[in-house]
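Throughout, a chain's letter reflects where its sequence line sits, starting with A, and its residues are numbered from 1.
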Amino acid sequence: MARIPLDYNLRSLFVRRSSTLLTLVGIGATVAVLAGVLSLQRGFAKLFESGGRTDVAVFLRPGATNEGDSLFRRGQADYLIKGLPEIACSDSGRPLASSEYYLALRLRKLDGGETNVPIRGVQPMSFEVHRDVFELLEGRLPVAGSDEVVVGRSLTTRIQGAGLGQVLTLNTTPFRVVGVFTSSGPFASEVWGDSERIADALERPFLNRVVARLVPGTDMAALAARLEDDKIAPVKALTERQYLTGQTEVLSGVLLALGSFLAVVMGTAAVFTGTNTMLSAISARSHEIGILLAIGFRPWPVFFAFMLEAALLGLLGGLFGVALVLPLDGIKTGTTNFQTFTEVAFAFQVTPDVLGTAIFFALVLGLLGGAWPAWRASRMRPVEALRLS
Amino acid sequence: MPWSLLPRHLLARPVRSLLTLGSLAIAVFLVCFLRGVVVALGAGVEAASDQRLVVQSAVSLFVNLPRSYQPKIKAVPGVRQVCKLQWFGGYYRDPSNFFAQFAVDELLLFDAYPELVLLDGDKTAFWGQKTACLIGRDLARDFGWKVGDTVPLVGGIFSRSGQNVWNFEVAGIYESRTANFDSRTMFFHYDYLADSLESGAATGPEGVGVYILKTERGSDPTRIMAAVDALFENGPQRVQTTTESEFQKQFVTMLGSIPTLLSAIGGGVLFAILLAALNTMLMAARERTRTLGILKALGFSDRSAFGLLLGESLVLCGLGGALGLLLFMALAPGFNQVLSQFNFPALVVGPQTFALALGIALSVGLIAGLAPAIRAARLEAIEALNAER
């Protein structure tokens with residue numbers, strides 16, 4: 001079976017360049033929307049997955065789904081930290097665990113308006129527990145028991161009073177900013193300070209969660225089951241990774257659902273236009289098809305030739321759409337995670353798998369749009385095709 | 001002018017016309033949907049009452065105000081009524097069955113929110129029993145609860161000793177007549193919560209989340225807000241009094257760039273579909289060259305030729321738009337049912353939706369039809385008849 005040279009299809013696309021271009025841009029826009037939403041979802045997921053460790057445990061009050069809802073009395077937290085053999089110890093023999101205070105604070109932005117900024121009351125040991133994701137960039141750590149805080153780097157340029165050496169007022173108490181830190185995990189845009197001083201300033205005398213490093217090889221599921229059934233003080237225990245995944249489930253799911261919904265709906269429209277373009281390409285070339293068939297090309301090579309053309313159209317459209325999305329990479333955007341009511345800033349992540357998905361999607365759009373017209377072209381009878389026009 | 005040619009032209013290539021119609025319908029559907037989401041997000045702000053003010057902590061959304069504030073606020077001139085509103089944050093069986101619950105001053109609720117209308121049950125039954133609650137119509141529908149049922153909720157923020165289950169008796173089912181309050185909320189006695197905390201039967205933050213103020217008719221809200229804020233300027237908890245619409249707006253602001261992104265997606269969709277429609281109309285115009293040549297040779301004016309092509313585009317796009325609108329209206333109730341389970345406000349289908357859909361469809365029709373129509377008007381009969389096609 002003789003094949004129809006690829007050159008024929010390339011030239012055809014070029015001859016009908018205005019129509020080809022319009023289709024390309026149409027498929028490109030569809031692919032760009034899909035890739036845009038996907039890269040947003042990737043950026044959001046990346047923000048949280050990097051911080052989750054499996055050897056760090058998070059303890060919450062039973063029934064609580066996040067640290068904001070959870071609540072511990074100081075005695076309860078100390079009982080937990082001192083009484084668990086699964087908690088690893090530091091070189092000096094003290095448990096690698098700390099209780100944390102957490103609240104979404106209402107702070108003023110530099111460009112006006114308010115936003116919710118998480119404040120985390122910590123203990124000296126907290127810096128040890130979170131040592132892999134916490135890095136001090138400037139200044140020093142807050143002295144325990146003092147009215148001092150360190151802030152995440154992104155806050156220094158966005159929040160009033162959050163610059164190094166400036167003063168943040170919590171309720172009515174002023175706290176001095178003595179350091180700036182960066183974090184690869186979810187702490188990146190938080191304020192950290194002494195937990196007791198912060199609890200006093202905010203007039204909320206309790207703690208929100210306990211975090212601890214576990215002895216290597218600890219069976220988390222067994223530990224969680226045991227603590228849940230504790231008669232004196234039942235506690236909900238989970239790994240940091242499980243905790244963070246749970247915190248982002250809803251928003252991540254919404255983004256993925258939105259992306260899929262848009263992709264399906266817009267994809268249908270793109271298939272319609274793709275079919276239209278291929279149909280008109282074929283009807284304008286009935287004469288040529290007639291000649292091809294008359295000089296002995298079999299229907300199958302004709303079908304393949306047109307499918308190839310359609311695939312090419314989809315591929316080019318996909319490349320165009322990807323080109324549209326690439327500049328978005330790294331652009332920061334922000335929304336609120338309504339599970340924790342805190343602002344999350346994240347960047348579009350145009351990763352290779354997003355690009356791959358987008359181009360594959362474009363290819364499928366092209367093939368779907370080309371299938372019926374190509375089949376029709378291959379089924380033409382040479383005499384009729386020649387007679388047309 | 002042979003207007004009968006118009007439908008014939010549309011039917012000459014039924015597949016192409018249908019595909020164009022389909023892609024337009026999808027575009028209009030999608031734009032209506034995205035617009036509906038953006039409008040719904042702001043609906044609470046639009047429908048807010050100007051008779052109501054909200055007093056909240058100036059420190060954080062999650063910090064409660066002391067109960068002692070209530071009489072002090074009530075004494076401010078111009079304040080008619082002060083009602084407690086405390087977020088409960090419980091869930092039914094599983095955290096995914098989330099809905100809003102508020103502990104309120106049961107006797108003041110209907111005064112504070114006259115838009116709540118009872119569909120079933122009665123107020124005195126609600127007032128008479130401490131564990132009684134009111135549930136929204138949508139809750140009754142989704143969970144199958146009736147008046148007289150006991151609803152067990154797991155405390156998210158307020159933990160009840162024992163199994164951490166709070167039981168509420170359904171005393172009435174309400175419906176909200178405005179968009180600022182949904183019909184998926186539960187209200188119960190503030191005293192049930194407060195007494196449980198006081199007696200030690202439950203643990204959790206004490207105090208009141210927000211106070212809802214009803215102002216006297218003709219009073220100056222700005223002055224009242226300033227007077228209330230000044231009362232607690234030096235603690236123990238600073239407050240921030242806002243209008244109800246400002247209060248609602250803070251939640252919309254929290255969405256960050258999400259509404260902008262949705263609008264951008266809508267813009268991308270429109271652009272892609274405009275190109276597709278333009279493509280179709282250019283193809284159509286090319287095929288009409290001969291017909292137009294004949295018409296002109298018969299003496300029909302340039303203007304008629306212009307009208308014929310523009311009309312074709314307008315009819316095609318108008319029909320597509322109408323179809324998209326019908327599709328959206330047919331699917332909106334289904335979407336709302338799904339969205340309401342995520343506590344998302346209902347999509348708005350109103351006169352604006354009609355205007356938007358038809359506006360888009362006809363604009364696309366106009367823009368896509370213009371270039372081919374101008375070409376048709378300028379066509380010389382002799383050239384057109386000579387044209388090879």
Side-chain angles (χ1 to χ4, degrees), chain A residues 18-19 22-23 25-30 32-33 36-37 40 61-65 68-71 73 103-106 113-116 119 170-172 202-204 206 250 254 258 262 265-266 268-270 272-273 275-277 279-280 283-284 333-336 338 341 343-345 372 389, chain B residues 13 15-16 18-20 22-24 26-27 29-30 33 57-64 89-91 95 154-157 159 164 203-205 234-238 240 250-251 253-258 261-262 264-265 268-269 271-273 275-276 278-280 282-283 286-287 342 388-389:
Chain A
S18 66
S19 174
L22 284 171
T23 312
V25 179
I27 294 181
T30 306
V33 167
V37 180
L40 204 59
R61 211 214 36 221
T65 53
D69 286 355
S70 173
L71 183 149
R73 300 278 168 206
L103 186 69
L105 273 190
R106 202 191 280 281
E114 287 179 331
T115 184
N116 289 295
I119 187 162
L170 309 182
N171 196 10
T172 51
L202 298 174
E203 301 255 335
R204 286 174 96 236
F206 39 73
V250 173
V254 166
L258 182 70
L262 288 174
V265 175
M266 288 190 70
T268 315
F272 285 3
T273 38
T275 313
N276 246 350
T277 313
L279 270 180
S280 79
S283 78
T333 183
T335 186
T336 297
F338 279 94
F341 271 97
E343 188 177 286
V344 280
W372 188 64
S389 77
Chain B
R13 302 262 176 192
V15 177
R16 188 174 64 202
L18 275 179
L19 288 172
T20 312
S23 54
L24 242 129
I26 290 173
F29 162 77
L30 210 52
F33 175 78
S57 161
V59 177
S60 165
L61 258 181
F62 303 95
V63 166
N64 284 346
Y91 51 85
V154 179
I157 301 170
S159 172
N164 189 16
T203 53
N234 298 314
Q237 277 293 341
R238 287 192 298 119
Q240 175 176 330
Q250 68 180 346
F251 297 102
T253 319
M254 278 183 209
L255 291 168
S257 44
I258 296 282
L261 285 175
L262 287 181
I265 293 171
V269 173
F271 180 65
I273 296 306
L275 292 179
L278 186 62
N279 206 357
T280 311
L282 285 173
M283 286 178 213
R286 212 172 293 132
E287 285 168 14
F342 296 100
E388 190 201 349
R389 250 230 237 189

Just to verify, what does A:N171 make a side-chain hydrogen bond (donor to acceptor under 3.5 Å, both in side chains) with, not counting sequence neighbours? none
With a 3.5 Å distance limit and no angle check, can you tell me whether A:R61 reaches the backbone of B:I157 through a side-chain donor-acceptor pair? yes
If we only count heavy atoms from C-beta on, is the B:L278 to A:L22 side-chain gap below 4.5 Å? yes
Could you tell me the separation between the CZ atom of B:F62 and the CG atom of A:L202, rounded to the nearest 0.5 Å? 13.0 Å
When A:R106 is tested against each of B:V59, B:L61, B:V63 for side chain to side chain contact (heavy atoms under 4.5 Å, CB included), which residue passes? B:L61
Under 4.5 Å between any side-chain heavy atoms of A:F206 and B:T203, yes or no? no
Examine whether an atom of A:L40 lies under 4.5 Å from a heavy atom of chain B, and if so say whether it belongs to the side chain, the backbone or both; otherwise answer neither. side chain
Looking at OG of B:S23 and CG of A:N276, how far apart are the two atoms once the value is rounded to the nearest 0.5 Å? 7.0 Å
Residue pair B:I26 / A:A269: nearest heavy atoms and the distance that separates them: CD1-N, 3.8 Å
Under 4.5 Å heavy-atom distance to chain A, tell me which part of B:N234 shows up: side chain, backbone, both or neither. backbone
To the nearest 0.5 Å, how far apart are CG in B:L19 and OG1 in A:T275? 5.5 Å
To the nearest 0.5 Å, how far apart are CZ in B:F271 and OG1 in A:T30? 11.0 Å
Which answer fits A:L71, side chain, backbone, both or neither, if we ask what part of it has an atom under 4.5 Å from a heavy atom of chain B? side chain
Check whether A:V33 gets within reach of chain B through its side chain, its backbone, both or neither, counting any heavy atom under 4.5 Å. side chain
Under the 3.5 angstrom rule, does the side chain of A:R204 hit a backbone N or O of B:P205 as a donor-acceptor pair? no
The interface call for B:T20 against chain A, heavy-atom contacts under 4.5 Å, is both
Please give me the minimum heavy-atom distance between A:A29 and B:G268, naming the atom from each residue. CB-O, 4.2 Å
Using heavy-atom distances under 4.5 Å, tell me whether B:N164 contacts chain A through its side chain, its backbone, both, or neither. side chain
Mind checking ring-ring contact (aromatic ring centres under 6.0 Å, His included) for B:F33 and listing every partner two or more places apart, or none if nothing turns up? A:F261, B:F335
